[in-house]
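Worksheet: one structure, shown below.
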Amino acid sequence: MAASSSQSSLPARGYEDELAFLKQETPYRWRIDLGFVPQMRVPGHVYVNEALQPLLCSELRQFAGSSSTSGFLPALKQIANVAALPGIVGHSIGLPDAHSGYGFAIGNVAAFDMDDPDAVVSPGGVGFDINCGVRLLRTNLTEAAVADRREALAQSLFDHIPVGVGSQGVIPSSSDSLQRALEQGMDWSVREGYAWAEDKEHCEESGRMLTASPASVSARAKKRGLPQLGTLGAGNHYAEIQVVDRIFDKRAAAQMGLDFEGQVCVLLHSGSRGLGHQVATDALLQMERAMGRDDIRVNDRQLACARIGSAEGKQYLQAMAAAANYAWVNRSSMTFLCRQAFARTFGATPDDLEMEVVYDVSHNIAKVEQHLVDGKPKRLLVHRKGSTRAFPPHHPLIPLDYQFTGQPVLIGGTMGTCSYVLTGTEKGMADTWGSTCHGAGRAKSRAGSRRQLDYTEVLEALQQKGISIRVASPKLVMEESPESYKDVTEVVDTCHAAGISSKCVKLRPIAVIKG
């Protein structure tokens, strides 16, 4: 067998015996020693503070006391299983928002040596929502100016942006235009008039992965993606009207155009919708066959993978890049709709409102990057799943505007809680392959949230905070309530204290649009 089942390959140990493999190196980082799971090639590093540690450990305690051999593994075990994949270098890294996911933990970073013929790419290290990401728009509006139009503005956004499971877009699209969007990314959006030329400058990869090949995307994936351009979707995706609540780094914030407390912004969180999900599903099936052919053995069947240089590996990376381009087009299309909603509400053009993109980041992607390994430059395939790229000042791949401040990093909070803008650091480049957290990270399963929470109470709590809310499926809001997630401030503070990113701005929501 190329892959063993999720838990049967793991030695049966009690909770205290499991803890013996975990060593605290600093107040904000733990090491997972070799032997925690079979065949580990490198140690694990997990960033967590005292407040967040019990949540990670509770997953492990539950696993150690369970006789079941089905379901998700705890995040710590998943991070360690990734450390056993062929070609991994450095460490398998868990960030403060880490929680159990499919194959890789969500909040897991791992890099693989492009020069190692056995090194692998794994769709589980990217996730099903390829290039799920966040885009921040700023405006010149103040919270006071919006106060008496907040409900109207929330309704206008809800009317303009299609939301919910199976929602279909209002952006006209044909099979030919979808092909071009998959290949060209935001270049297509600019050409079709759905994005400003300067939007691309403030987008990771300039909104286009050049390695994309629409031919590597299945007909079924294209069929699912065709009607969904410019749609928010459901789950943890949202559009929020936010205001600058606190500025930590005035110089960096000013460079981003975030000039004063009370400044109105918009945060969009969405990805590649059904197209990306199908790309991942197709690749997993192909890679299971490749593992048998190439005798690749992993600790968890969900870590299906293929050698980077194999036909399956190349096809997945080309299809993943196309799905990433689709996601950037999707967020660009929603930016277009958002600008229309604001313009209609305030009777001014988006130009007059200065609705410019601060930055757009991905937090589910794999990319070839150059990093220092043992003091020498190496080309690595960096998997970031539930993790955000956070490059430091002077890095050649970040926009000219941010060369002296570092790359903006957008950290979305949970429904009704604060969000953050961070900047990348040199320490993060050295310790985490230029990566940091992506959000709060789940503390409860979706099913658990539905059992324990009442949606009317969640909606009422938001209203009491003065937050306007528009939802397509009210009964699904329990899954996204603040009680279902970790405290995003603890997550961000851990990354700041560890030095892998630096706090710049805190944002507070005044309106939430969800599927």
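In this structure, R208 and Q184 have side chains that are in contact, with non-hydrogen atoms separated by less than 4.5 Å. With a 4.5 Å cut-off on side-chain heavy atoms, S100 and E59 count as touching. Using a 4.5 Å cut-off on side-chain heavy atoms (C-beta onward), L258 and C265 make contact. Contact of the L19 side chain with the Y15 side chain is registered, since non-hydrogen atoms from C-beta on lie closer than 4.5 Å. Contact check for L317 versus V121: side-chain heavy atoms found under the 4.5 Å cut-off. Here the side chains of V382 and R384 are in contact, with some heavy-atom distance below 4.5 Å. Contact of the V279 side chain with the D282 side chain is not registered, since no non-hydrogen atoms from C-beta on lie closer than 4.5 Å. At a threshold of 4.5 Å between non-hydrogen side-chain atoms, the residues R301 and M291 do not count as touching.
Nearest heavy-atom pair across A252 and T405 is CA-CG2, 3.7 Å. The heavy-atom pair separating M186 from C203 by the smallest distance is SD-SG, 3.7 Å. Minimum interatomic distance between L22 and L76 (heavy atoms only, all atoms of both residues): CD1-CD1, 4.0 Å. Across every non-hydrogen atom of G406 and T423, the tightest pair is O-CG2, 4.2 Å. Here the closest heavy-atom approach between residue P74 and residue L60 is recorded as CB-N, 4.0 Å. The heavy-atom pair separating G90 from W433 by the smallest distance is CA-CZ2, 4.1 Å.
Other residues, nucleotides and ligands place no more than 12 heavy atoms under 6.0 Å from the CD atom of Q62. Counting non-hydrogen atoms of neighbouring residues, nucleotides and ligands closer than 6.0 angstrom, the CD atom of E25 exceeds 12 such neighbours. In R41, the CZ atom is crowded: over 12 heavy atoms of neighbouring residues, nucleotides or ligands sit closer than 6.0 Å. Crowding of K23 atom NZ: a count of heavy atoms from other residues, nucleotides or ligands under 6.0 Å exceeding 12. Counting heavy-atom neighbours within 6.0 Å of D374 CG, excluding the residue itself, gives a total of 12 or less.
A salt bridge does not link K503 to D249: none of the charged side-chain nitrogens sits closer than 4.0 Å to a carboxylate oxygen.
At a cut-off of 3.5 Å, with distance as the only test, a side-chain donor of T489 or Y420 sits close to an acceptor on the other residue. Q278 and R224 share a side-chain donor-acceptor pair at under 3.5 Å. Between the side chains of N131 and S272, no donor-acceptor pair of N or O atoms lies under 3.5 Å.
The CG atom of D487 sits 10.5 Å away from atom CG of L55, with the distance rounded to the nearest 0.5 Å. Atom CG of L56 is separated from atom NE2 of H99 by 10.5 Å, given to the nearest 0.5 angstrom. Rounded to the nearest 0.5 angstrom, D118 CG and I308 CD1 are separated by 10.5 Å. Distance check: H371 NE2 to T432 OG1 gives 9.0 Å after rounding to the nearest 0.5 Å. Atom-to-atom distance recorded for R331:CZ and S270:OG is 7.5 Å, nearest 0.5 angstrom. Taking CG of L303 as the reference point, atom CG of L284 lies at 10.0 Å (rounded to 0.5 Å).
Side chain of N108 to backbone of I93: a donor-acceptor contact under 3.5 angstrom is found. In terms of modelled atom types and a separation under 3.5 Å, the side chain of K200 and the main chain of V190 share no donor-acceptor contact. Judged by distance alone, the side chain of Q318 and the main-chain N or O of S213 form no donor-acceptor pair under 3.5 Å. Looking at K486, its side chain does come within 3.5 Å of a backbone N or O of P96 through a donor-acceptor pair. A side-chain donor-acceptor contact under 3.5 Å links T388 to the backbone of C437. Between the side chain of E204 and the backbone N or O of S362 there is at least one donor-acceptor pair closer than 3.5 Å. Proximity of a side-chain donor or acceptor of E312 to a complementary backbone N or O of A283 within less than 3.5 Å is not detected. Between the T425 side chain and the G499 main chain, a donor and an acceptor come within less than 3.5 Å of each other. A donor-acceptor pair is defined here as one N or O able to donate and one able to accept, closer than 3.5 Å; no such pair exists between the side chain of N299 and the backbone of N81. At distances below 3.5 Å, at least one donor-acceptor pair connects side-chain atoms of Q255 with backbone N or O atoms of D401.
Taking the ring axis of F248 as reference, the NZ or CZ atom of K506 does not stay both within 45° of it and closer than 6.0 Å to the ring centre. A cation-pi geometry, defined here as NZ or CZ lying under 6.0 Å from the six-membered ring centre and within 45° of its normal, does not hold between R61 and F63.
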Step-by-step side-chain hydrogen bond (donor to acceptor under 3.5 Å, both in side chains) determination, R293 to S310: CA-CA 11 Å; R293 180 194 67 213; S310 69; 4.7 Å; no
side-chain hydrogen bond (donor to acceptor under 3.5 Å, both in side chains) for R389 and S435? Distances and angles first, verdict last. CA-CA 5 Å; R389 194 188 75 175; S435 311; over 6 Å; no
Between R29 and V46, is a side chain to side chain contact (heavy atoms under 4.5 Å, CB included) present by the stated rule, with each step listed? CA-CA 6 Å; R29 190 177 77 189; V46 180; over 6 Å; no
Going through the checks in order, is the side chain to side chain contact (heavy atoms under 4.5 Å, CB included) test met by L229 and V329? CA-CA 7 Å; L229 272 181; V329 170; 3.6 Å; yes
Chi angles and distances behind the side-chain hydrogen bond (donor to acceptor under 3.5 Å, both in side chains) call for T417, T414: CA-CA 5 Å; T417 67; T414 59; 2.9 Å; yes
Could you walk me through whether R297 and Q39 pass the side chain to side chain contact (heavy atoms under 4.5 Å, CB included) test, one step at a time? CA-CA 10 Å; R297 298 181 178 273; Q39 310 303 320; over 6 Å; no
For the pair K385 and H438, evaluate side chain to side chain contact (heavy atoms under 4.5 Å, CB included) and give the outcome as yes or no after the intermediate values. CA-CA 9 Å; K385 180 181 181 180; H438 85 301; over 6 Å; no
Any chance you could lay out the side-chain hydrogen bond (donor to acceptor under 3.5 Å, both in side chains) test for S419 and Q242, step after step, and finish with the verdict? CA-CA 9 Å; S419 298; Q242 302 183 332; 3.2 Å; yes
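Aromatic rings of Y359 and H202 (six-membered ring for Trp) have centroids beyond the 6.0 Å cut-off, not under it. For an aromatic pair to be called close, the ring centres must be under 6.0 Å apart, and H363 with H269 satisfies this. Checked against the 6.0 Å centroid threshold, H394 and F404 count as a close aromatic pair.
Of the listed residues (V491, I106, V48, V488), just one forms a side-chain contact (heavy atoms from CB on, under 4.5 Å) with D97, and that residue is V491. For the side-chain contact (heavy atoms from CB on, under 4.5 Å) with Y47, the qualifying choice from L52, T436, D431 is D431, the only one to do so. Between H237 and the choices V134, T231, L232, L268, the side-chain contact (heavy atoms from CB on, under 4.5 Å) rule is met once, by L232.
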